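Predicted, not measured: the structure shown is a model, and the values here were computed from it.
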Amino acid sequence: MLAGPAVAAPGCGVTYTVGSQWQGGFTATVTVTNVGDPISSWTLTWSYDAGQRVTQAWNSTVSQSGSQVTARNASYNGSIATGASTSFGFNGSWTGSNPAPSSFAVNGTTCTGQPGPNPTTGPTTGPTTQPTSPPTPPPTSAPPGNPTWGTAPPPASAVRSRAYELIATANEKGYLPRSGECSVEIHSRYWTYGPDGKVYPTWHPNRDPSGCNFGHEHGDDPRPSDLYATAGWPAFGYTSEVMMSNMPEHSHRHEDHVGHKVLTVNNVNVIQGDNGTSFFPPQGTTIATCDVLLKFHQGTHSPDAFTNNIHELLLNQRCAASNGGQVSEARFSALIPLGRAGGFSPSECPGFGGAFINVGPAVPADSPSETRSLGRLITEPGCVQAIREGRTHYDPLYPNPVPFTVSDMDDFWFSDFQITGSGLNVRVAPLFYVVNPSRYYDPAKPNNLGRIVELCYTNLAGGDYCNQARQAGQNLAWDDPRSPFKGTLREFRPGTFSVQNSGSTTVYTDVYGRNASSTPFTGSIRQYFSGNQSSTMYVRGATRDYAANGVHAPN
């Protein structure tokens, strides 16, 4: 932590605290305390001596010219009574060093922490560091971070989302630690503000600096992303909160905390002619490079995805044409449909996209379906039969067809959705592939839930994953950390991407990305799209293996 001196001037005191810092970036909180007469509005100024830049702020409007920074109050926190305080925060960038400013001024007067002439009652001691929370309505731009991320829970006055409430107590859908794992209190320190000003859970490492582990992982750290300065921490469950606040109960959707996964990719090449049909990218000309920071919810341990096709995607993607021309960008939050509601199709074992298997009613009951893609492909008993019969398939890693094994019981989730209206036509068609899920569909078992690791101890051909399970011990439980079937090996393909926008870059949609409008409406989500691509591109993303000591299903 880097704290600036609590310097001030007639009528005001200021504390400046860097609560989170990493290579090239930081998050800071500034608290202004009024020790003079009441004020109805404020402008705080300071200068940076080491070339730091403010990249995004919340609870204030911040601008910068050279080294000079100016922060003006938001509509809801301009008035500061004598003895009262207000706080705002921002993300910044730095190179070389990141010293705190040496001086601040409010409304043109240097702050010294002492009252000016003829003050009204008020303290003459140093300022408080307790931030105030914004009243309703919340700020229009989302607070992208949390200065106490990983070190402290949110302020008692902060409004908590349902997703955060689920991790603030031991809860199966939130966080339920095992013996020896990090406590609920430690886990609840990893939070962020969402676009609505509420507190949400966010990305955390699989192991806390204190040494304990959480038993699950959330993919990539978002901070190294070139888009982090704009996007900030992903707010897990934000779209469900919007749904809960604005739609009837039968339309609500809540997702397990452990299923939220982050991908961070900088400067991924887009190849001319690539349409995603080949496993490996084709050889060819690079027509664009893309930065991707996304969060997708894909649980691979429960029966949820057998019927529920709506899953949260928080997509931040910026693509620049290689010829120095068009830049296309999307900052999009929605519950996206992946295939049809109420069921799924078989995975690659025994064959991609077989007949649709209708399992039961979806949650929400009014979930929209998407029929342009293959949807959710999940392993079912047809794969077990194919393994038993010794059937073969083509694997791009081998020159000749190879037999199916238990290790081929994977998930492929496709979607193909469009956002249209108000001069906007956006298409995104991603693929999310999990090589080692812990569950498969078996209607002969309770909740239709089969455990893949259990098949390793039968007479079926097991493959590499089963070999690992057998070497670790006989009859491993499905959630044993030694089981390799725990959803850690994933391929993220942002996929087909196209933006054509002749209107405002800011649009508003419902939670499903529909009904795009230039003006907000009840239950709408603010989105951002810029660019007018001449052609559609295919973004490959990356394959990641997040296996680490202590990680186990559910994950």
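In summary, the aromatic rings of F236 and H218 are positioned with their centroids under 6.0 Å apart. The aromatic ring centroids of Y190 and Y175 lie 6.0 Å or more from each other. Not less than 6.0 angstrom separates the ring centroid of H216 from the ring centroid of H301. Two rings, from F485 and Y465, have their centers less than 6.0 Å apart.
For residues 181-235, every residue pair satisfying the disulfide (SG to SG under 2.5 Å) rule, not counting sequence neighbours, is listed here: C182-C212.
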Run the side chain to side chain donor-acceptor pair (under 3.5 Å) check on H260 and E255 step by step: do they pass?
-> CA-CA 9 Å; H260 296 290; E255 298 179 305; 5.0 Å; no

Can you list the steps and then say if S407 with D464 is a side chain to side chain donor-acceptor pair (under 3.5 Å)?
-> CA-CA 6 Å; S407 298; D464 290 341; over 6 Å; no

Derivation of the side chain to side chain donor-acceptor pair (under 3.5 Å) call for D291 and S225 | CA-CA 8 Å; D291 299 326; S225 170; over 6 Å; no

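The ring-ring contact (aromatic ring centres under 6.0 Å, His included) check on Y441 picks up F306, F344, with sequence neighbours excluded. K173 pairs by the salt bridge (Lys or Arg N to Asp or Glu O under 4.0 Å) definition with D256, not counting sequence neighbours. Applying the salt bridge (Lys or Arg N to Asp or Glu O under 4.0 Å) criterion to E181, with sequence neighbours excluded, gives no partner residue. With sequence neighbours left out, the salt bridge (Lys or Arg N to Asp or Glu O under 4.0 Å) criterion links D304 to R253. T509 pairs by the side chain to side chain contact (heavy atoms under 4.5 Å, CB included) definition with I419, A516, Q527, not counting sequence neighbours.
There is no side-chain donor-acceptor pair under 3.5 Å between N171 and T169. A donor atom on one side chain and an acceptor atom on the other are found under 3.5 Å apart for D220 and Y546.
The aromatic rings of H204 and F214 sit tilted, their planes meeting at an angle between 30° and 60°.
For CG of D545, the number of neighbouring non-hydrogen atoms (other residues, nucleotides, ligands) closer than 6.0 Å is greater than 12. Shown here is R340, whose CZ atom has no more than 12 heavy atoms of other residues, nucleotides or ligands within 6.0 Å.
Proximity of a side-chain donor or acceptor of W413 to a complementary backbone N or O of P430 within less than 3.5 Å is not detected. In this structure, S347 contributes its side chain and C349 its backbone to no donor-acceptor pair below 3.5 Å.
Partner R439 forms a salt bridge (charged side-chain N to carboxylate O under 4.0 Å, His left out) with one of D410, D479, D411 and no other, that one being D411. For the pairing with I452, the side chain to side chain contact (heavy atoms under 4.5 Å, CB included) check across P437, C466, S438 returns one residue only, P437.
Two residues are said to be in side-chain contact when any heavy atoms from C-beta on lie closer than 4.5 Å; V539 and V268 meet this criterion.
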